[in-house]
Amino acid sequence: METAHTVEHADAQKIHGHEEHHHEETFLTKYIFSQDHKMISKQFLITGMFWAIIGGLLSILFRLQLGWPNETFPILETFLGKWAEGGKISQEFYYALVTMHGTILVFFVLTGGLSGTFANLLIPYQIGARDMASPFVNMLSYWFFFTAGAVMLFSFFIQTGPASGGWTAYPPLNGLRDTGVNLGSGLGFDLWILGMALFIVSSLLGALNYITTVLNMRTKGMSMTKLPLPIWALLFTAIVGVLSFPALLAGVVLLEFDRLLDTSFYLNNIIINGNLLAYKGGSPILFQHLFWFLGHPEVYIIILPAMGIVSEILSVHARKPIFGYKAMIISLLAILILSFVVWAHHMFVTGMNPNLGAIFTLFTLLIAIPSAIKVFNWLGTLWKGKIRLVSASLFAIGFVSMFISGGLTGIILGNSAIDIQLHDTMFVVAHFHIVMGIAAFFGMFAGVYHWFPRLFGRMMNETLGQIHFYITLIGAYLIFFPMHFMTSVPRRYYTYANFETFNNFNHLAEFMSMVAIIVYLAQFLFLINFFYSIFKGTKLEGEYANPWGANTLEWTAPVERLHGNWPGDIPTVHRWPYDYSFAGKETNMQTEPYKEGEDPNL
């Protein structure tokens with residue numbers, strides 16, 4: 001319907017300068033400061049994997065404290081020094097571990113790693129473009145992401161340690177420097193703010209580029225109603241990011257002003273050691289509004305790309321058209337809109353007027369409707385499909401399972417009357433880890449297994465992939481399902497030794513910690529499989545290999561991954577992307593014109 005806005009392929013070539021005249025590439029321009037969307041996708045993916053290892057390791061360290069609070073582990077002192085004297089993690093470092101675990105996995109893995117990888121890989125390929133609208137801005141987006149991560153990593157090596165005031169960075173704790181409250185409120189938190197600011201710049205550069213590319217660079221015939229669902233999801237994700245990240249950027253910059261310039265945006269009547277400090281008129285609640293205006297849409301910035309990826313993979317491997325394509329798009333749009341009017345459900349305990357709380361409860365519960373539509377469509381797609389159970393489809397099905405499990409507990413927490421009782425308990429930890437953490441990881445794994453042949457021209461090992469899936473799926477449920485019963489146990493406590501009632505859960509905490517270690521180690525199967533397969537995996541045969549029999553445009557590009565994606569003309573689109581098992585054929589590429597008398601299957 002928007003064909004007038006698409007760009008003829010010849011014009012696209014001129015816009016991007018991808019005519020036959022290419023500058024000779026050097027190592028720096030090909031691998032380091034590359035402007036090729038495929039290489040930038042790999043950079044985001046491998047950087048995200050690095051951060052996933054670090055973020056996961058931090059969780060294993062604090063799970064040691066939660067699982068065996070009375071034990072010592074001398075090896076910890078060897079590696080952590082003063083942070084684990086006598087083999088026991090210090091309280092200071094425990095809170096830093098929790099803070100940085102949340103920050104790294106939410107922002108550097110599930111936001112930057114997920115969107116950066118698949119937006120860069122899929123948008124130009126699946127819309128039939130040579131590259132992003134601005135390859136240079138695309139490159140800048142990655143390097144801001146990389147620099148932000150380097151700043152965060154550097155904070156682990158300073159004397160006062162990394163930030164330790166929680167990944168939500170609430171003032172007044174985080175609004176003061178060097179208060180003696182905790183070491184991580186000093187330089188470590190300044191670096192946290194700098195890292196976050198750089199990360200937000202990266203996200204905004206990337207998002208603006210993605211939106212511009214999707215709206216302007218589609219090939220001939222690629223109307224909006226023929227876009228693959230991952231592109232719709234990535235487009236909506238980018239829009240959410242552009243509208244919500246600036247609120248967090250403003251929030252953390254003002255927080256730094258309070259810390260460095262003694263302003264009072266968030267501080268008021270602060271008393272330390274009996275001394276009244278000179279802060280007047282600020283409100284820490286203001287920061288919570290700014291933080292959660294991004295913080296809740298952030299859930300969808302993470303989960304929407306995974307939804308798009310899973311939709312595509314389920315259809316390809318069930319060999320069926322996606323069930324309810326337009327309903328999928330409308331539900332994605334509904335989630336996008338509603339995500340902006342639910343932020344205050346994170347703030348039910350701030351003294352909010354109950355009537356206002358009821359409004360946010362209503363909007364929060366409304367999100368269950370489009371979410372349920374999506375689940376219904378995924379299950380409808382699988383129903384009576386010729387399901388091919390490979391690693392990619394298994395992780396996609398695992399995503400649906402996790403999304404349902406975590407979504408149901410979201411309905412409970414969306415109700416203000418119940419949420420107030422469950423606030424900051426392990427029930428909340430279980431909910432958001434399943435629906436936003438594990439589910440999104442499953443979407444990422446599904447995407448990597450599915451598009452690995454497109455990225456590297458080789459296949460990953462299926463046996464290792466399936467072992468990886470089953471250990472991760474079973475382990476995730478064993479860790480987080482029991483947590484739902486810990487509704488009286490508060491989170492972020494260093495020890496529960498002084499609370500007899502909480503000690504009843506010690507054996508459960510020990511069990512969850514053991515499983516967490518096993519699941520963490522199982523992720524190295526994926527890493528071994530990934531890096532081994534890059535060099536030694538089964539090589540794709542043929543110039544235009546399409547190992548999954550998918551219909552979308554990325555599989556019409558030659559295995560040789562040239563900059564510009566297609567030699568000669570870029571492809572023209574005739575069909576929607578999900579014509580599986582249609583017109584007597586299992587695969588009907590989007591480039592195949594409809595035959596005379598054949599009705600479009602949309």
Side-chain angles (χ1 to χ4, degrees), residues 55-56 59 62-63 66 98 101-103 105-107 109-111 166-168 288 291-292 294-304 306-307 335 338-339 342-350 357 360-372 374-375 398-443 472-493 502 505 508-509 512-513 515-516 519:
S59 71
F62 68 70
R63 284 295 337 171
L66 289 171
V98 176
H101 165 75
T103 302
L105 286 177
V106 168
F107 294 108
V109 181
L110 298 177
T111 302
W167 77 276
T168 51
Q288 293 195 31
F291 181 88
W292 287 115
L294 169 278
H296 195 81
E298 171 68 17
V299 173
Y300 301 103
I301 289 172
I302 287 172
I303 207 71
L304 284 177
M307 287 176 169
I335 290 172
L338 289 171
S339 71
V342 296
W343 79 90
H345 78 230
H346 295 270
M347 301 167 60
F348 285 146
V349 296
T350 58
F360 280 101
T361 294
L362 173 65
F363 286 135
T364 302
L365 296 181
L366 280 177
I367 286 189
I369 297 174
S371 299
K374 298 194 72 58
V375 170
F399 168 91
V400 177
S401 170
M402 289 290 166
F403 187 72
I404 294 172
S405 304
L408 289 174
T409 53
I411 295 173
I412 296 171
L413 291 172
N415 188 314
S416 58
I418 303 175
D419 179 83
I420 289 171
Q421 304 301 317
L422 294 172
H423 187 79
D424 258 349
T425 64
M426 288 297 183
F427 185 93
V428 178
V429 176
H431 160 68
F432 73 74
H433 272 83
I434 287 182
V435 75
M436 170 179 151
I438 306 298
F441 261 111
F442 273 48
T472 308
L473 179 80
I474 296 169
Y477 273 121
L478 289 178
I479 296 168
F480 294 108
F481 186 75
M483 224 178 260
H484 289 97
F485 298 94
M486 301 170 72
T487 53
S488 62
V489 181
R491 61 173 172 161
R492 293 176 177 165
Y493 273 37
F502 300 147
F505 295 100
L508 194 54
M512 290 188 293
S513 295
V515 178
V519 171

Colleague: Can you list every pair that meets salt bridge (charged side-chain N to carboxylate O under 4.0 Å, His left out) and has a residue in residues 408-417, with sequence neighbours left out?
Modeller: none

Colleague: Given side chain to side chain contact (heavy atoms under 4.5 Å, CB included), test Ile335 with Met307 step by step and report yes or no.
Modeller: CA-CA 12 Å; Ile335 290 172; Met307 287 176 169; 4.2 Å; yes

Colleague: Check side chain to side chain donor-acceptor pair (under 3.5 Å) between Ser405 and all other residues, then give those that pass, not counting sequence neighbours.
Modeller: Tyr477

Colleague: Out of curiosity, Leu413 CG to His346 NE2, how far, rounded to the nearest 0.5 Å?
Modeller: 9.5 Å

Colleague: Do you know which two heavy atoms are closest between Leu508 and Pro482, and how far apart they sit?
Modeller: CD1-CB, 3.7 Å

Colleague: Which heavy-atom pair separates Pro490 from Ser488 by the least distance, and what is that distance?
Modeller: CD-O, 3.4 Å

Colleague: Any donor-acceptor pair under 3.5 Å linking the side chain of Thr111 with the backbone of Val106?
Modeller: yes

Colleague: Roughly how far, to the nearest 0.5 Å, is the CG atom of Leu473 from the CZ atom of Phe399?
Modeller: 13.5 Å

Colleague: How long is the straight-line distance from CZ of Phe403 back to CE of Met436, given to the nearest 0.5 Å?
Modeller: 13.0 Å

Colleague: Quick one: CG on Asn415 to CD on Gln421, what's the gap to the nearest 0.5 Å?
Modeller: 10.5 Å

Colleague: Over all heavy atoms of both residues, which pair between Asp424 and Val428 is shortest? Give the atoms and the distance, please.
Modeller: N-CG2, 4.0 Å

Colleague: Looking only at non-hydrogen atoms, find the nearest pair between Thr364 and Gly414 and report the distance.
Modeller: CG2-CA, 3.8 Å

Colleague: With side-chain hydrogen bond (donor to acceptor under 3.5 Å, both in side chains) as the rule and sequence neighbours excluded, what pairs involving residues 428-437 come up?
Modeller: Thr409-His431

Colleague: Could you go step by step and tell me if Tyr300 and His296 meet the ring-ring contact (aromatic ring centres under 6.0 Å, His included) rule?
Modeller: CA-CA 7 Å; Tyr300 301 103; His296 195 81; 5.2 Å; yes

Colleague: Could you tell me whether the side chain of Arg491 and the main chain of His423 form a donor-acceptor pair under 3.5 Å?
Modeller: no

Colleague: Which of these passes ring-ring contact (aromatic ring centres under 6.0 Å, His included) with Trp343: Phe291, Phe348, Phe360?
Modeller: Phe360

Colleague: Do any N or O atoms from the side chain of Thr487 and from the backbone of Phe427 form a donor-acceptor pair under 3.5 angstrom?
Modeller: no

Colleague: If you take all heavy atoms of Ile367 and Pro370, which pair is closest and at what distance?
Modeller: O-CD, 3.3 Å

Colleague: Go through it in stages, so that I can follow the logic: the residues are Trp167 and Leu105, the test is side chain to side chain contact (heavy atoms under 4.5 Å, CB included), and I'd like the CA-CA distance, side-chain angles, deciding distance and then a yes or no.
Modeller: CA-CA 10 Å; Trp167 77 276; Leu105 286 177; over 6 Å; no

Colleague: What heavy-atom pair brings Pro297 and Ser339 nearest, and what distance separates the two atoms?
Modeller: CG-O, 3.4 Å

Colleague: Could you go step by step and tell me if Met486 and Met512 meet the side chain to side chain contact (heavy atoms under 4.5 Å, CB included) rule?
Modeller: CA-CA 12 Å; Met486 301 170 72; Met512 290 188 293; 3.6 Å; yes

Colleague: Is Phe502 atom CZ crowded by more than 12 heavy atoms from other residues, nucleotides or ligands, each under 6.0 Å away?
Modeller: yes

Colleague: Please walk me through it: do Ile479 and Ile438 pass side chain to side chain contact (heavy atoms under 4.5 Å, CB included)?
Modeller: CA-CA 11 Å; Ile479 296 168; Ile438 306 298; over 6 Å; no

Colleague: Looking at CZ of Phe481 and CD1 of Ile434, how far apart are the two atoms once the value is rounded to the nearest 0.5 Å?
Modeller: 8.5 Å

Colleague: Nearest 0.5 angstrom please: Leu110 CG to Ile301 CD1, how far?
Modeller: 12.0 Å

